[in-house]
Protein chains: 2
Amino acid sequence: MTPTATSHDTVHTPLTAERVLAGAIELADRIGIEQFTIRRLATELDVKPMTIYHHVPSKDAIIDGIVDVVFGQIDLPPDELEWSAAIRRRCVSARSVLARHPWAPPLMESRTTPGPATLRHHDAVLGCFRRGGLSLQLTAHAYAIIDSYLYGFALQEANLPFHGDEEIAELAEAILESFPVEAFPHLAEFTTQHVLRPGYSFGHSFEFGLDVLLAGIAAAQQSNP
Amino acid sequence: MTPTATSHDTVHTPLTAERVLAGAIELADRIGIEQFTIRRLATELDVKPMTIYHHVPSKDAIIDGIVDVVFGQIDLPPDELEWSAAIRRRCVSARSVLARHPWAPPLMESRTTPGPATLRHHDAVLGCFRRGGLSLQLTAHAYAIIDSYLYGFALQEANLPFHGDEEIAELAEAILESFPVEAFPHLAEFTTQHVLRPGYSFGHSFEFGLDVLLAGIAAAQQSNP
DNA sequence: GCCAGTCATCGTACTAAGTACGACAACGAA
DNA sequence: TTCGTTGTCGTACTTAGTACGATGACTGGC
């Protein structure tokens with residue numbers, strides 16, 4: 001580290017809050033939120049740790065910020081579609097966004113200071129239900145159950161400890177070997193006869209459940225006009 | 001701190017792994033998982049930090065352990081009930097358990113080394129679906145969507161930043177004041193016309209959504225025998 | 001072209017937390 | 001009594017968040 005800049009270094013454009021957040025997301029995606037530290041982020045951004053604090057006030061503010069960025073990545077329900085189709089689109093988009101950021105699901109609903117993209121997102125979803133003719137009461141139920149399902153599915157999907165057919169087989173065998181088959185017969189059956197069969201994918205259930213919920217909301221709307 | 005034991009101290013029964021886990025749950029319930037540290041737990045248990053490591057190998061093992069304890073607190077689906085009623089009971093029980101332990105929802109599905117109560121729980125739920133006559137395929141969908149909904153709801157409920165009518169009003173006003181009403185009209189309407197009305201409770205939506213999902217699964221069972 | 005002020009960057013250091021290592025004391029069995 | 005066993009703890013190392021203040025580069029006004 002000579003005091004004069006090493007000549008081969010490309011001149012860095014000054015760090016900004018946006019670059020900090022973008023780097024934070026990239027790092028969290030790669031190593032997980034547990035391993036995510038200011039020091040590692042600094043290395044990633046090619047600066048020293050304290051430099052980061054000139055652009056964001058704290059690690060917590062970074063978490064707030066990246067959650068808002070993720071909200072911004074989710075497609076809003078398109079105005080031109082009928083409400084249930086629009087919400088469906090938004091949910092499918094959200095699931096794919098949350099799958100790209102496995103650290104996000106537990107955090108999306110835990111921030112007490114929502115950012116602008118978060119507010120815009122909630123406003124758009126509420127507006128979609130209302131334009132579809134749902135009462136405030138039913139809108140509340142609908143939003144609560146749809147998002148519960150969405151975040152819960154994303155949470156489970158993000159925590160699947162495998163990402164391919166080989167890994168799933170390894171893990172399943174490890175768990176199965178940890179207890180006698182007679183102790184948990186249904187778990188053993190389910191694992192060997194279904195999960196380990198080719199073609200199994202947890203994600204296949206997503207649209208099934210989503211459509212059940214949307215149909216249930218639509219039915220409630222009919223029966224209570 | 002004289003080296004000889006102060007005479008008025010009641011003699012401590014020796015610490016055990018169970019007492020460590022029980023204390024950990026109590027502490028996490030009280031101060032949250034973020035604030036939960038080995039050092040604080042030691043103070044709580046009236047021992048020094050390193051004593052804890054004679055009964056559990058690491059903080060991570062404590063997390064594994066308390067998650068398993070929480071699984072053990074959830075009622076299993078009763079054998080004598082029809083499958084959907086039995087699953088319903090189990091879900092209602094789970095929701096109330098998870099509400100008592102707000103730190104738990106994000107962790108329940110993220111452990112790679114499930115404990116005995118966790119395995120027993122999953123085995124019982126799978127067995128309930130199978131005894132009800134659901135195919136393995138439908139059982140997989142059913143379990144995935146029911147648990148997504150359950151954990152998602154618990155996650156949202158655990159993260160509600162208010163716990164009474166006054167707090168909710170405070171927070172809502174703080175959020176509403178942070179932006180012009182015209183910017184997010186639906187959010188403003190929803191908050192002032194519904195959330196702030198007496199009698200609103202997020203939790204009221206739980207059984208509505210749960211019943212929609214159970215009915216959807218039953219319908220799928222009929223149409224594909 | 002010079003200078004003072006501004007601003008991004010960073011070095012140092014403090015505090016909190018997880019936990020490895022080994023000392024020590026209390027207690028039971030030989 | 002003695003020795004081993006077992007639970008308890010003191011010390012200390014490492015990693016992490018971040019407060020404080022210094023430093024160097026860059027800028028607008030002269």
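The chains referred to below are lettered A, B, ... by the order of the sequence lines, with proteins before strands, and numbering in each begins at 1.
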Separation of B:L45 atom CG from D:dG7 atom C1', in whole Å?
14 Å

Show me, pair by pair, the donor-acceptor contacts under 3.5 angstrom made by side chains of residues 112-119 of chain B, not counting sequence neighbours?
unit_1: B:T113; atom_1: OG1; unit_2: B:D64; atom_2: OD2; d: 3.0
unit_1: B:T118; atom_1: OG1; unit_2: B:D68; atom_2: OD1; d: 2.6

Listed nucleotide nearest any side-chain atom of A:R39, set C:dA17, C:dA8, C:dA13:
C:dA13

May I have the distance from B:D46 (atom CG) to D:dG7 (atom P), rounded to whole angstrom?
18 Å

Pairing residues for A:D147 by the salt bridge (charged side-chain N to carboxylate O under 4.0 Å, His left out) criterion, not counting sequence neighbours
A:R90

Can you pull out every salt bridge (Lys or Arg N to Asp or Glu O under 4.0 Å) where at least one residue sits in residues 169-182 of chain A? Sequence neighbours excluded, please.
none

At a heavy-atom distance below 4.0 Å, what parts of residues 51-68 of chain A sit against DNA chain C?
A:T51, A:H54, A:H55

5'-most by nearest nucleotide on DNA chain C - B:P49 or A:T16
A:T16

Take atom CD of A:E34 and atom P of D:dA16, then tell me their distance rounded to the nearest Å.
13 Å

Nearest to the side chain of B:K48 - C:dC10, D:dG10, D:dT8?
D:dG10

Can you identify which nucleotide, out of C:dA17, C:dA13, C:dC21, has its nearest atom closest to the B:M50 side chain?
C:dC21

From CG of B:L41 across to P of C:dT19 the rounded distance in Å is 12 Å

Backbone N or O of B:A144 within a donor-acceptor pair of the B:S148 side chain at under 3.5 Å?
yes

Quick one: is D:dA16 close enough that its OP1 or OP2 comes under 4.0 Å of any side-chain N or O from A:R40?
yes

Please enumerate all residues that pass ring pair (Phe, Tyr, Trp, His ring centres under 6.0 Å) together with A:F71, with sequence neighbours excluded.
A:H121, A:H122

For residues 185-193 of chain A, which side-chain N or O atoms pair as donor and acceptor with protein atoms under 3.5 Å away, sequence neighbours left out?
unit_1: A:E189; atom_1: OE1; unit_2: B:R130; atom_2: NE; d: 3.1
unit_1: A:E189; atom_1: OE2; unit_2: B:R130; atom_2: NH2; d: 2.8
unit_1: A:T191; atom_1: OG1; unit_2: A:L187; atom_2: O; d: 2.7
unit_1: A:T192; atom_1: OG1; unit_2: A:A188; atom_2: O; d: 2.9

Measure CG/B:L15 against C1'/C:dA26 and give the value in whole Å, please.
16 Å

